[in-house]
There are 2 protein chains.
Amino acid sequence: MFSKACEYGIKAAIFIATKSYEGKRVSPKEISAEIDSPQAFTAKILQALVKHNIINSVKGAYGGFEIDKTNIGNVKLSQIVNAIDGDSIYSGCGLGLEKCDENHPCPVHDKFKGVRDELKHMLEETNLEELALNIKSGASFLKL
Amino acid sequence: MFSKACEYGIKAAIFIATKSYEGKRVSPKEISAEIDSPQAFTAKILQALVKHNIINSVKGAYGGFEIDKTNIGNVKLSQIVNAIDGDSIYSGCGLGLEKCDENHPCPVHDKFKGVRDELKHMLEETNLEELALNIKSGASFLKL
DNA sequence: TTTATTTCGGATAAATTTATCCTATTTATA
DNA sequence: TATAAATAGGATAAATTTATCCGAAATAAA
Ligand code: FES
Ligand code: FES
């Protein structure tokens, strides 16, 4: 469904959010330990999230990654997915035609559209805050 | 969403079905021309579909690929996807945890489950016959 | 200002997916 | 039986994704 990079990116953003509520910055090392991902690869993904203004980075000693506490609720899952995987998963044709076009539909278009739109809606309506709070409360988990 | 191999496999199966209604067998060459896919790679995927008893192959002169006309309606999209990509797309965890487990859910589990189940349902309820008939009638397309 | 810490970013490598090529095997027909 | 046509399958290559490594740049504190 999502690329590995995207899975790591989502989990990393959630973990950073939980720590940001505590006013703490986190390093790629802490993040990869917490979400069970390769450290250097995760660092690359973090750079991409920074470039897309989804998370914030602070260089140098006592630096790390964080998200503005007051903004966590505004970050949508769709922004993260779009930053890493692009929008093809919820905009593209399910059978790989150049584009999804009502006037030139692939064989599964009518059947697929509903699923894809529901996915899109879910990604656009889900924000980091609710995901982070469920992690903090122990209702959900980032690894294993 | 699906791998290229899976996209080709689905389109190939649909095309083979349309020709099987006419009592005709088709070659990888015809198939790849019709669905706009690399011929040798497509041939490999066809072998996999044969092994999973989704399509039938006839070797030698006047041979080719076909599907038993009376069986086209029984072939579900889920069988094709499962034969090529496995079931992870509609059974696995959306964030890549070892398995999707209600008792150890990832952060998006509750949100993702609905989409994934709808996808599963769609794949299990859609059969080759309806897809092939829409191609024959010109209501849908296999390429561009 | 020096040092320790930390992200940034380029180069490279490993793994997987996608794609090609060539030969063997099978089979219908002449 | 000989031949031509067609799938099967192994070996290999190209492309993409995933992953690692290392030095440069930035920054806070001593
Ligand atoms: S054309 Fe394929 S999903 Fe719309
Ligand atoms: S645990 Fe991740 S989708 Fe169910």
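Quick note: numbers below take in every heavy atom, side chains included, and nothing from hydrogens, waters or symmetry partners. Sequence lines set the chain letters: A, B, ... in the order given, protein chains first and strands last, and positions in each chain run from 1.
Look at Y8(A) and you'll find a side-chain N or O under 4.0 angstrom from OP1 or OP2 of dA19(D). Phosphate contact (OP1/OP2 of dG9(C), side-chain N/O of Q47(A), threshold under 4.0 Å): present. Residue S27(A) places no side-chain N or O under 4.0 Å from the OP1 or OP2 atom of dT7(C). Taking 4.0 angstrom as the limit, K51(B) places a side-chain polar atom (N or O) nearer than this to OP1 or OP2 of dG9(D).
One atom, CD1 of I45(A), and another, C1' of dT20(D), lie 13 Å apart when rounded to the nearest Å. A straight line from CZ of F65(B) to P of dA5(D) spans 18 Å, rounded to a whole angstrom. Here the P atom of nucleotide dA19(D) and the CZ atom of F41(A) are 5 Å apart, to the nearest Å. Straight-line distance from the CG atom of L46(B) to the P atom of dA8(D): 8 Å, rounded to whole Å. Rounded to a whole Å, the CD atom of E66(A) is 14 Å from the C1' atom of dT27(D). F2(B) places its CZ atom 18 Å from the C1' atom of dT18(C), with the value rounded to the nearest Å. Between the C1' atom of dC21(D) and the NZ atom of K29(A) lies a distance of 16 Å, rounded to the nearest Å. For the pair Q39(A) CD and dT20(D) C1', the computed distance is 11 Å after rounding to whole Å.
Note on G63(B): only backbone sugar-phosphate atoms sit closer than 4.0 angstrom, heavy atoms only; bases stay farther off.
Counting only heavy atoms from C-beta on, Y62(A) has its side chain closest to dA28(D) among dA8(D), dA28(D), dT18(C). Of the candidate nucleotides dT18(D), dC8(C), dA19(C), dA19(C) has the atom lying nearest to any side-chain atom of K4(B). Distances were taken from every side-chain heavy atom of A40(B) (C-beta onward) to each of dC8(C), dT18(D), dT20(C); the shortest belongs to dT20(C). Closest to the side chain of A5(A), from the set dT20(D), dC8(C), dT18(D), is dT18(D).
Sequence order on DNA chain C of the closest nucleotides to K59(B) and G64(A) puts G64(A) first from the 5' end. Map A61(B) and C6(A) each onto its nearest nucleotide of DNA chain D; the residue landing nearer the 5' end is A61(B).
Residue side chain K44(B) reaches the base of dG10(D) through a donor-acceptor N/O pair under 3.5 Å, judged by distance alone.
Annotation: side chain of K120(A) is not in contact with side chain of S78(A) (no heavy-atom distance under 4.5 Å).
Under the 3.5 Å distance criterion, with hydrogens and angles disregarded, a donor-acceptor pair is assigned to the side chains of T42(A) and S37(A).
Salt-bridge check for E130(A) with K111(B): passed, with a basic side-chain N closer than 4.0 Å to an acidic carboxylate O.
Checked by atom type and distance alone, the side chain of H104(B) pairs as donor or acceptor with a backbone atom of K143(A) at under 3.5 Å. No donor-acceptor distance shorter than 3.5 angstrom exists from the side chain of E22(A) to the backbone of K19(A), with no hydrogens or angles considered.
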